[in-house]
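Accompanying notes for the structure given below.
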Amino acid sequence: METHIDHLVIAAKTLEQGVEYIKDTLGVNIPFGGVHPKMGTHNHLMQLGSDIFLEIISINPEAPAPERPRWFGLDSPHIKTQLADSPRLLTWVVNTTDINSLVKNASFDAGTPEIITRGALSWYFALPENGSLLFGGAVPYAIQWLTEEHPSKKMADMNCRLESLEIFHPQPDNLRTQLGSVGADKLVKIKASNENSEPHLKAHIKTPKGIKQL
């Protein structure tokens with residue numbers, strides 16, 4: 001079972017704010033992706049390299065609220081308060097060819113694989129029952145695409161590439177063990193943060209205007 005970084009998740013109060021944030025930070029105008037009827041969300045998407053992409057996601061105000069909590073903790077009052085100030089790099093997602101084995105091997109509750117659709121695309125996504133953000137965003141969600149090729153190949157290429165992803169955590173050794181259980185410990189740089197701080201991510205992106213940080 002191989003595990004790879006699939007995409008980075010930028011959460012925003014509105015898609016417009018998320019698009020403006022990426023335009024200000026990376027200097028590119030990321031195009032619209034689609035809607036997720038099951039989750040009551042919508043997104044904008046672009047490539048970040050080979051089989052990897054960037055997603056801006058927000059609650060879709062025109063969609064009915066789902067019967068379950070939305071993914072990535074978007075219904076959490078704490079996260080809503082954070083996004084009211086500014087969009088942020090909220091979490092990350094890894095892909096696998098055997099999501100059931102990944103979930104079974106995880107040393108944490110990675111959620112239950114469920115079918116998600118967006119337009120003609122469909123995939124398995126491991127969803128926590130309460131919709132919570134996994135360990136403050138430090139631990140990734142898992143996805144298994146039901147496509148012959150990675151969908152990023154059909155996304156807009158804005159000449160941006162992921163150089164590295166850093167995760168700052170007050171208990172780096174524990175995080176390394178959790179990531180190792182799903183084969184993701186070598187995919188990122190794990191760094192110690194202040195004991196009282198929340199976990200956070202920092203992505204280094206190569207852009208037409210040089211290396212930028214999210």
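Because the structure is a prediction, the values reported are computed rather than measured.
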Run the numbers on V19 and I56 for side-chain contact (heavy atoms from CB on, under 4.5 Å), then give the verdict.
-> CA-CA 7 Å; V19 169; I56 301 171; 4.2 Å; yes
Give the C-alpha distance, both sets of side-chain angles, the deciding distance and a yes or no for side-chain hydrogen bond (donor to acceptor under 3.5 Å, both in side chains) between T96 and D98.
-> CA-CA 5 Å; T96 175; D98 190 348; over 6 Å; no
Has the side chain of T207 got a donor or acceptor atom that lies under 3.5 Å from a matching backbone atom of K209?
-> yes
To the nearest 0.5 Å, how far apart are CD in Q17 and OG in S58?
-> 9.0 Å
What's the shortest heavy-atom distance between P69 and E129, and which atoms?
-> CD-O, 3.8 Å
Would you say the side chains of E2 and H4 form a donor-acceptor pair under 3.5 Å?
-> yes
Do you know the tightest heavy-atom contact between I190 and D185?
-> CD1-O, 4.5 Å
Compare all side-chain heavy atoms of H7 with those of L48 and state whether any distance is below 4.5 angstrom.
-> no
No-hydrogen, no-angle side-chain donor-acceptor test under 3.5 Å, H36 and N43 = yes
Apply side-chain hydrogen bond (donor to acceptor under 3.5 Å, both in side chains) to E198 and H78, showing your working.
-> CA-CA 12 Å; E198 291 189 14; H78 179 61; 3.0 Å; yes
Between L175 and I167, is a side-chain contact (heavy atoms from CB on, under 4.5 Å) present by the stated rule, with each step listed?
-> CA-CA 9 Å; L175 175 60; I167 303 179; 3.6 Å; yes
Using atom types as modelled and distance alone, determine if a side-chain donor or acceptor of S122 lies under 3.5 Å from a backbone N or O of R118.
-> no
More than 12 heavy atoms of other residues, nucleotides or ligands under 6.0 Å from NZ of K153: is that the case?
-> yes
Exam field: side chain K212 to backbone G27, donor-acceptor pair closer than 3.5 Å = no
Are L26 and L15 in one and the same hydrophobic cluster, where Ile, Leu, Val, Met, Phe, Trp and Tyr link if side-chain heavy atoms are under 4.5 Å apart?
-> yes
Flag yes if F32 and V9 sit in one hydrophobic cluster, no otherwise; membership is Ile, Leu, Val, Met, Phe, Trp, Tyr, and two members link when side-chain heavy atoms are under 4.5 Å apart.
-> yes
dist E55:CD -> I10:CD1 (nearest 0.5 Å) comes out at 10.0 Å
Check for a donor-acceptor pair, side chain of S197 on one end and backbone N or O of S193 on the other, with a separation under 3.5 Å.
-> no
Among M158, M46, Q47, find the residue that satisfies the side chain to side chain contact (heavy atoms under 4.5 Å, CB included) test when tested with L54.
-> M46
Say whether, by atom type as modelled, one donor and one acceptor occur between the side chain of Q144 and the main chain of T97 under 3.5 angstrom.
-> yes
Between I99 and F125, is a side-chain contact (heavy atoms from CB on, under 4.5 Å) present by the stated rule, with each step listed?
-> CA-CA 8 Å; I99 195 169; F125 199 91; 5.7 Å; no
Does W92 reach the main-chain N or O of A138 with its side chain, forming a donor-acceptor pair under 3.5 Å?
-> yes
Using atom types as modelled and distance alone, determine if a side-chain donor or acceptor of H44 lies under 3.5 Å from a backbone N or O of I30.
-> yes
Under 4.5 Å between any side-chain heavy atoms of H200 and H169, yes or no?
-> no
Backbone N/O of V35 and side chain of H42: donor-acceptor pair under 3.5 Å = no
Do L165 and L187 have side chains that get closer than 4.5 Å, going by heavy atoms?
-> no
So with a 6.0 Å cut-off around CD of E149, is the heavy-atom count from everything else above 12?
-> yes
Non-hydrogen atoms of T3 and L102 that approach each other most closely | OG1-CD1, 4.0 Å
Closest heavy-atom contact between A184 and V94?
-> CB-CG1, 4.4 Å
Mind running side-chain contact (heavy atoms from CB on, under 4.5 Å) on V188 and L201 for me, showing each step along the way?
-> CA-CA 10 Å; V188 297; L201 284 64; over 6 Å; no
Is a side-chain donor-acceptor pair under 3.5 Å present for D6 with W145?
-> yes
Side chains of S152 and H150, donor plus acceptor under 3.5 Å = yes
Pairwise side-chain contact, R68 with L127, heavy-atom cut-off 4.5 Å (strictly under) | yes
Using the ring of each side chain (for Trp, its six-membered ring), is F135 parallel, tilted or perpendicular to F108, with breaks at 30° and 60°?
-> perpendicular
Taking all non-hydrogen atoms of both residues, which atom of A126 and which atom of V103 are closest, and how far apart?
-> CB-CG2, 4.0 Å
If you take all heavy atoms of P37 and T117, which pair is closest and at what distance?
-> CD-O, 3.9 Å
Backbone of I22 reached by a side-chain donor or acceptor of T25 within 3.5 Å = no
With R70, the side chain to side chain donor-acceptor pair (under 3.5 Å) member among T41, N60, D75 | D75
Under 6.0 Å between ring centres, would you say that holds for Y141 and W71?
-> no
Is there a side-chain contact between I143 and I116 (heavy atoms, below 4.5 Å)?
-> no
Hey, are the side chains of P140 and L134 touching, using non-hydrogen atoms and a 4.5 Å cut-off?
-> no
So do the side chains of S164 and K189 get within less than 4.5 Å of each other, counting heavy atoms only?
-> yes
Separation between NZ (K13) and CG (L74), nearest 0.5 Å, reads 13.5 Å
Drop me the distance from L90's CG to I57's CD1, to the nearest 0.5 angstrom.
-> 9.5 Å
D109: partners by side-chain hydrogen bond (donor to acceptor under 3.5 Å, both in side chains), with sequence neighbours left out | none
For the residue pair K202 and H204, establish whether any side-chain heavy-atom pair is separated by less than 4.5 Å.
-> yes
Between T91 and G137, is there a donor-acceptor pair closer than 3.5 Å when you use the side chain of the first and the backbone of the second?
-> yes
Assess whether salt bridge (Lys or Arg N to Asp or Glu O under 4.0 Å) is satisfied between K191 and E166, documenting all intermediate values.
-> CA-CA 7 Å; K191 297 190 174 183; E166 297 176 324; 2.8 Å; yes
